Protein chains: 2
Amino acid sequence: MVTDSLDARVDEILKNLGHRATGPRRKVARLLASKRGAFSAESINEELPGVGRATVYRTIRLLAEAGVLCRALLPDGSPRYSIDHSWHHHHLICSSCETVEEFRSSELERLLCELSDEIPGRVLGHQVDFYLTCPDCLQ
Amino acid sequence: MVTDSLDARVDEILKNLGHRATGPRRKVARLLASKRGAFSAESINEELPGVGRATVYRTIRLLAEAGVLCRALLPDGSPRYSIDHSWHHHHLICSSCETVEEFRSSELERLLCELSDEIPGRVLGHQVDFYLTCPDCLQ
DNA sequence: GTGCTTGCAAAGAATTTGCATAATT
DNA sequence: AATTATGCAAATTCTTTGCAAGCAC
């Protein structure tokens, strides 16, 4: 599982990116690895009183840019991060509890690819989000 | 065109929503109607020194909730508004100049509908964004 | 040792809220 | 007259930055 390897491979990941493996970064990575779903940067900050806010935000950005984390936007635009399982995926976002789930569809991917060819300009990527009331929130 | 009617029909739109047709709201609507593409709330605020910031933000939110405006999120999560031409559409967002264009595909819509049925929970809506470098920014 | 990192606090950016005043119906 | 709306400033929220002191390599 990627969740395990994040914690175990932080040092390697960081060095490959030309960054140093430090204590605070390992602490952040260890906490992220323990997270199931999506989380906000602030929530990580609150759970790590021993690490400065700036370091938490910087590390999360670092890992997001490295592709270790992926970012989803809630309907109001606020970002949530989650471990990127590296297969390309989209998001199912519950408007009620703000839970973010992953979603994949090869058929959708194929169509998006086709459409990309028809779009003027150079398509860099796409993002598909479904906003919903999740089964839990439906009671 | 919807662009024309927004300016002309603000009073009607507001009253249908149970709100009052006021001078500041008309000023905001008139400016919005003159906009071609997407804009930020702040940019509208800056262009209307005679109207308070709070009123600008409140009016934009009012019109967005009424479906007169639609909101797109830039890759960093910051919102951009544009006149909603009421046909369901998606967005082509230039990562370089931040221009937002509309995009429609009946084939995409059909597939998203099908997928919605397979998704657990009650799907409320979806959002598809293509991030790209627009023809202008490609030089 | 040299240079990247950290943590703190301050700075920012964007948006919302409280409240007395003003305008609409 | 009864409310709703406005505008200003202050408050919020989330995130970034400056910089001296501290680590990693």
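A note on names: the letters A, B, ... follow the listed sequences, proteins ahead of strands, and every chain is numbered from 1. These numbers come from the heavy atoms of this one structure, side chains and all, not from hydrogens, waters or symmetry mates. All values reported here derive from a predicted model rather than from experimental measurement.
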Task: By side chain to side chain donor-acceptor pair (under 3.5 Å) - contacts of B/R26 (at least two apart) - done: B/D11
Task: Student check: side-chain heavy atoms of A/S95 and A/T133 closer than 4.5 Å - done: no
Open item on the list: Mind checking if B/G18 touches a base, just sugar-phosphate, or nothing, with heavy atoms under 4.0 Å?
Closed with: nothing
Open item on the list: I need the OH-P distance between B/Y57 and D/dT13, as an integer number of Å.
Closed with: 17 Å
Expected rows: protein N/O vs nucleotides 9-11 of chain C N/O, under 3.5 Å:
none

TODO: Measure the distance from CG on A/L74 to P on D/dT13 and round it to the nearest whole Å.
DONE: 16 Å
Task: OG on A/S116 to CD on A/E114, rounded to 0.5 Å - done: 10.0 Å
Task: Which nucleotide in C/dT6, C/dT15, D/dC14 has an atom nearest any side-chain atom of A/E42 - done: D/dC14
TODO: Give one of base, sugar-phosphate or nothing for B/G77, where a contact means two heavy atoms less than 4.0 Å apart.
DONE: nothing
TODO: Quickly work out the A/I60 CD1 to C/dT5 P distance and round it to whole Å.
DONE: 17 Å
- [ ] Kindly give the cluster partners of B/L92, where membership spreads through any ILVMFWY side chain lying under 4.5 Å from a current member.
- [x] A/L92, A/F103, A/L108, A/L111, A/L112, A/L115, A/I119, A/V123, A/V128, A/F130, A/L132, B/F103, B/L108, B/L111, B/L112, B/L115, B/I119, B/V123, B/V128, B/F130, B/L132
Open item on the list: Please report the distance, rounded to the nearest Å, between NZ in A/K27 and P in C/dT5.
Closed with: 17 Å
Write down the protein N/O and nucleotide N/O pairs, taken from nucleotides 19-25 of chain C, whose separation is under 3.5 Å; answer none if there are no such pairs.
residue: C/dT24; atom: O2; partner: B/R20; partner atom: NH1; Å: 2.7
residue: C/dT24; atom: O2; partner: B/R20; partner atom: NH2; Å: 3.4

Task: A/K35/A/E47 ion pair, N-O < 4.0 Å - done: yes
TODO: Using whole Å, report how far CZ of A/R25 lies from P of C/dG7.
DONE: 11 Å
Task: Distance, rounded to the nearest Å, where A/F39 contributes CZ and D/dC14 contributes C1' - done: 16 Å
Task: Contacts of A/H90 that satisfy ring pair (Phe, Tyr, Trp, His ring centres under 6.0 Å) - sequence neighbours left out - done: A/H88, A/H126
Task: Heavy-atom closest pair, residues B/C134 and B/C94 - done: N-SG, 3.5 Å
Open item on the list: Expressed as a whole number of angstroms, how long is the span from A/Y81:OH to D/dC14:P?
Closed with: 12 Å
Open item on the list: Any side-chain to backbone donor/acceptor pair from A/R71 onto A/R61? Under 3.5 Å, distance only.
Closed with: no
- [ ] Share the residues that join B/L73 in a hydrophobic cluster, the rule being Ile, Leu, Val, Met, Phe, Trp or Tyr side chains under 4.5 Å apart at the heavy-atom level.
- [x] A/L73
TODO: Send over the distance from B/R61 CZ to D/dA5 P, rounded to a whole Å.
DONE: 13 Å
